[in-house]
Amino acid sequence: MAIISQIFLLLGAVFYLLGGLGILRMPDTFDRIQAGTKATTLGAFSILLGVGFAQPGWLLKIVLIIIFIAISNPIGSSVIAKATYKSYEKPTNLKRDDIKELFGGEINE
Amino acid sequence: MKHIATFLVLFVIYGLLTNFVIDELLIGALVSLVLTIFIAKYTNYSIDYKLPIRLAVFLFAYLPVFFGQLVLANLDVAKRVLSPKIPLNPGFIKVKTDLKGDFAKLTLANSITLTPGTLSVDIDGDYLYIHTIDVKENDPAKFRQQFTQLFEKILGVVFND
């Protein structure tokens with residue numbers, strides 16, 4: 001049990017590291033949000049599961065925390081992305097932009 | 001019916017947060033009951049004869065696909081981050097969805113955010129606006145098949161749409 005828990009903790013740390021690298025290396029905000037969201041979600045799951053295996057009495061609470069993270073983390077990043085699109089300059093390397101029509105072209109024009 | 005569903009949701013969450021001691025569960029039932037009276041008119045849970053099927057589909061079809069996609073997404077991020085020149089081909093695209101309920105759309109958007117290379121930015125009526133890190137083919141007809149179809153089929157059963 002201790003070994004399983006340590007494997008999960010290590011995996012979580014690795015995912016967090018990759019997420020941090022992604023936030024540093026990606027060229028624009030949206031790609032950074034993408035890397036950040038995915039890595040922190042799975043990283044948090046792994047670390048929480050690692051703690052859960054170390055303390056089996058906490059597993060039910062940890063499942064609950066995982067459910068809340070799974071709901072709230074993507075919502076947070078969607079809202080940040082939308083606010084970024086509305087408030088700042090758009091990235092210049094876009095291949096396609098369908099959101100323009102949604103905001104009627106009045107943002108940043 | 002709505003009251004019973006709301007009460008059950010609150011009580012189960014309370015139960016998971018405490019140890020299973022009879023005093024705590026009694027207090028939890030009391031608190032859930034009082035809360036149910038106040039918030040039931042804002043909630044939208046439904047219980048019907050299909051619930052076991054929907055729950056089974058959620059547990060055995062949605063969750064494995066979701067976690068599989070989450071792991072794939074992380075491997076994708078790892079691959080991009082660790083390559084010397086990051087392969088990027090970003091764009092915002094629009095995809096139509098058939099799901100009707102608010103909660104179904106929310107879950108679809110959340111699932112899409114956690115699949116490889118995509119991030120849902122906004123929902124407007126029947127349309128989802130997605131930022132994708134890699135626009136493979138610039139053809140609106142194929143976007144749906146490429147990004148949302150997988151989850152849409154499963155969530156259609158789970159949320160009864």
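Excluded from the calculations below are hydrogen atoms, water molecules and symmetry mates; all remaining heavy atoms, backbone and side chain alike, are included. The shown structure was predicted, so the numbers you read here are calculated from the model rather than taken from an experiment. Throughout, protein chains are lettered first and strands after them, A, B, ... in sequence-line order, and every chain is numbered starting at 1.
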> Tell me, out of Ile80(A), Ile75(A), Thr37(A), who's got the most heavy-atom pairs with chain B below 4.5 Å.
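So the answer, after comparing Ile80(A), Ile75(A), Thr37(A), is Ile75(A).
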> To the nearest 0.5 Å, what is the distance between CD1 on Ile33(A) and CD1 on Ile133(B)?
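One finds 11.0 Å between CD1 of Ile33(A) and CD1 of Ile133(B).
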> Of all residues at least two apart in sequence or in a different chain, which pass the side chain to side chain donor-acceptor pair (under 3.5 Å) check with Ser111(B)?
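Ser111(B) satisfies side chain to side chain donor-acceptor pair (under 3.5 Å) with Tyr62(B) once adjacent residues are dropped.
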> Grab the two heavy atoms, one from Ser120(B) and one from Ser78(A), that are nearest each other, plus how far apart they are.
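Smallest heavy-atom distance, with atoms named: O-OG, 2.7 Å.
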> With chain A as the partner, which of Thr132(B), Leu106(B), Ile93(B) has the greatest number of non-hydrogen pairs under 4.5 Å?
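Max contact count across the listed options: Ile93(B).
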> Please look at Val77(B) and chain A and tell me whether the side chain, the backbone, both or neither of the residue comes under 4.5 angstrom of a heavy atom of that chain.
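Side chain only.
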> Heavy atoms only, distances under 4.5 angstrom: which of Ser83(B), Pro116(B), Ala109(B) has the most pairs with chain A? Name it, please.
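That would be Ser83(B).
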> Just give me the residue among Asn89(B), Thr107(B), Asp76(B) that pairs up with chain A most often, heavy atom to heavy atom, under 4.5 Å.
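Of the options given, most contacts go to Asn89(B).
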> Does any heavy atom of chain A fall under 4.5 Å from the side chain of Phe67(B), the backbone, both, or neither of them?
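Side chain only.
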> Measure distances from Phe30(A) to the heavy atoms of chain B and classify the residue's part below 4.5 Å as side chain, backbone, both or neither.
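Both backbone and side chain.
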> Just verifying a value: how many Å separate Asp31(A) CG and Leu119(B) CG, rounded to the nearest 0.5 Å?
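Asp31(A) atom CG to Leu119(B) atom CG measures 9.5 Å (nearest 0.5 Å).
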> Return the OG to CG distance between Ser77(A) and Asn110(B), rounded to the nearest 0.5 Å.
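Answer for the OG-CG pair, Ser77(A) versus Asn110(B), is 8.0 Å.
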> Locate the shortest heavy-atom distance separating Asn74(B) from Ala39(A); write the atom from each residue and the value.
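Nearest heavy atoms, Asn74(B) then Ala39(A): OD1-CA, 3.2 Å.
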> Output the distance between atom CD1 (Ile67(A)) and atom CD1 (Ile13(B)), rounded to the nearest 0.5 Å.
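Between Ile67(A) CD1 and Ile13(B) CD1, I get 8.0 Å after rounding to 0.5 Å.
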> Does Leu114(B) reach the side chain of Asn73(A), with side-chain heavy atoms less than 4.5 Å apart?
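Of all side-chain heavy-atom pairs linking Asn73(A) with Leu114(B), none is under 4.5 Å.
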> Which answer fits Leu88(B), side chain, backbone, both or neither, if we ask what part of it has an atom under 4.5 Å from a heavy atom of chain A?
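Side chain only.
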> Quick check on Thr115(B) against chain A: is it the side chain, the backbone, both or neither that has a heavy atom closer than 4.5 Å?
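Just the backbone, heavy atoms under 4.5 Å.
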> Closest heavy-atom contact between Met26(A) and Val81(B)?
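It is CE-CG2, 4.3 Å.
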> Are Leu17(B) and Leu64(A) close enough that some pair of their side-chain heavy atoms sits under 4.5 Å apart?
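Yes - at least one pair of side-chain heavy atoms lies under 4.5 Å apart.
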> Please classify the contact of Leu82(B) with chain A as side chain, backbone, both or neither, using a heavy-atom distance under 4.5 Å.
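Looking at Leu82(B), backbone and side chain both touch chain A.
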> Give a yes or no on whether the backbone of Leu72(B) and the side-chain of Lys38(A) come within a donor-acceptor separation of less than 3.5 Å.
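Such a contact is absent between Lys38(A) side chain and Leu72(B) backbone.
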> Ring centres under 6.0 Å, that's the criterion: do Tyr85(A) and Phe92(B) meet it?
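Yes - the distance between ring centres of Tyr85(A) and Phe92(B) falls below the 6.0 Å cut-off.
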